[in-house]
Protein chains: 2
Amino acid sequence: MNKIVGKKPEHETIYVQIKEMVLFGEVVPGQPLTIHGLAEKIGAGVTPVREAIRRLTAEGGLATLENRRVVVPTMTMHWLEQIELVRLTVEPELAVMGAEKCSLGKVLELERLDALIDEAIRKGDIRGYLEANYRFHFTIYDAADALILRRITESLWVRIGPSLRVVCGRFGTTNLTDQHREATKGLRDGDVGKVKQALQEDIRQGMEFIRQTIEN
Amino acid sequence: MNKIVGKKPEHETIYVQIKEMVLFGEVVPGQPLTIHGLAEKIGAGVTPVREAIRRLTAEGGLATLENRRVVVPTMTMHWLEQIELVRLTVEPELAVMGAEKCSLGKVLELERLDALIDEAIRKGDIRGYLEANYRFHFTIYDAADALILRRITESLWVRIGPSLRVVCGRFGTTNLTDQHREATKGLRDGDVGKVKQALQEDIRQGMEFIRQTIEN
DNA sequence: TACCAATTAATTTGATCAAATTATTTAGCT
DNA sequence: AGCTAAATAATTTGATCAAATTAATTGGTA
């Protein structure tokens, strides 16, 4: 325990690392994860990795089989419907709340992220796209300052992360039209309704893409 | 490790135990919990208790302060609004799905639970009321067989559990009118709309009670 | 070759311990 | 007395290890 000046506990940072692995498609649906493998890959002890896995499991990003094996869950049609229901309820609400509190600085940051998204799409950079897309959405949601809705939303995103990776692998990134331009425009003009509508459409499109990779 | 024939891992059962402590009001909002204290009280090792705490923290039932202290969060108005929004969206939906799949056996079980609720109210048995009320709702929700909605709902219930205890302590259990009779009637008659409406009203009432204990 | 039992390897699980961090108490000073 | 600083106690944190469980492999038999 030779940590000189570490502020946050290790299981916290490890949790974030593993979460981002799931969120940004570094792990594939169905892929089994060993606790030692993760510890070795990250370069950490086994104990904090276990705690992080429990947390992610609670949020749905991972699942423990009855054999105690830890895997990345594979999306089902049934799940997708439930996720869409809640996303369409919570995220537009978060967007409205966020839009009302959004500073100009935030808007500029969002436009920068939107540019990053476009660039990633052009380059076919899947990981870059997934990450920038995530940051875009949650920059708005964070502005809403609604912890519980934010937590719920995040738990839904970790569930769809691996599937989005599959979507990109199947269709490529070029087919992705984004509603983000509309959203940022709405934010600039103070047109909250437009923001809400853009987000709704964005969610519907994303869910539809995933749906197509399931019912193959 | 002298477990003869234990099926589930220990952190799993400990998680359930602590969750029920939160759910049924055995811990008070603001109350700090030490990891050793819990381990001792439950009669378990420290490691599985830690894992259980991480899980409950991820679900919102507990919270870790910046000092790493673990506490039962105290409800705020802001949180209550968010919880109500999601509950009113998800739980009636779960009720509808559950009602459609509800066997007669389930209906009988629900009527039994409803009787338990009445009895607990008469006796002023707070813990009994909270537990029976929980079982009643989640018996319906479980019938819906919608894992994700169920998980979200459960995470909201662990957030309001401690507050409900406060509600009962303040107002007693006698003031609690229940919508459960209406719900079971609807289930028997196959009147899904009635079930949905009863649940909505039940949720609104519960949230209103909690609201009154906050804005004192 | 195909199939099944037995052995071996890999992994999870939970206890224990030292180090680090935080909370509490005591002592000293004005 | 009142307040600050040092010392003590309590708690968390992460590594390590033995036991248990599960997966993989080997060997034997029909």
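Order of the sequence lines sets the chain letters (A, B, ...), proteins ahead of strands, with each chain counted from 1. Please read these numbers as outputs of a predicted model, since none were measured by experiment.
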Any donor-acceptor N or O pair under 3.5 Å, side chains A/His137, A/Tyr141 = yes

key: Stretch residues 38-53 of chain A: residues that reach within less than 4.0 Å of DNA chain D through a heavy atom   = A/Gly45, A/Val46, A/Thr47, A/Pro48

message = Donor-acceptor check, side chain of A/Gln82 to backbone of B/Leu149, threshold 3.5 angstrom: yes or no?
response = yes

ask   = Heavy atoms, side chains only, cut-off 4.5 Å: are A/Thr213 and A/Arg211 in contact?
value = no

ask   = So do the side chains of B/Gln200 and B/Glu91 get within less than 4.5 Å of each other, counting heavy atoms only?
value = no

key: Separation of C/dA10 C1' from A/Ile35 CD1 (nearest whole Å)   = 13 Å

message = Can a donor-acceptor pair be found, under 3.5 Å and without considering hydrogens, that links the side chain of B/Arg151 to the backbone of A/Ala58?
response = yes

message = Rounded to whole Å, please give me the gap between CZ in A/Arg54 and P in D/dG14.
response = 16 Å

query = How close or far is atom P of D/dT11 from atom NE2 of A/His11, stated in whole angstroms?
reply = 17 Å

note = Distance col, row A/Leu147:CG vs A/Glu154:CD, nearest 0.5 angstrom, shows 10.5 Å

ask   = What's the CG-P distance between A/Leu65 and D/dT21, to the nearest Å?
value = 18 Å

key: Whole-Å distance separating the CZ atom of B/Arg68 from the P atom of D/dA10   = 18 Å

query = Which residue, A/Glu12 or A/Arg69, contacts DNA chain D at a nucleotide closer to its 5' end, judged by nearest heavy atom?
reply = A/Glu12

Length of the CD-C1' vector between B/Glu10 and D/dA20, whole Å = 13 Å

ask   = Counting just side-chain N and O atoms, does B/His36 come under 4.0 Å of either OP1 or OP2 of D/dT12?
value = yes

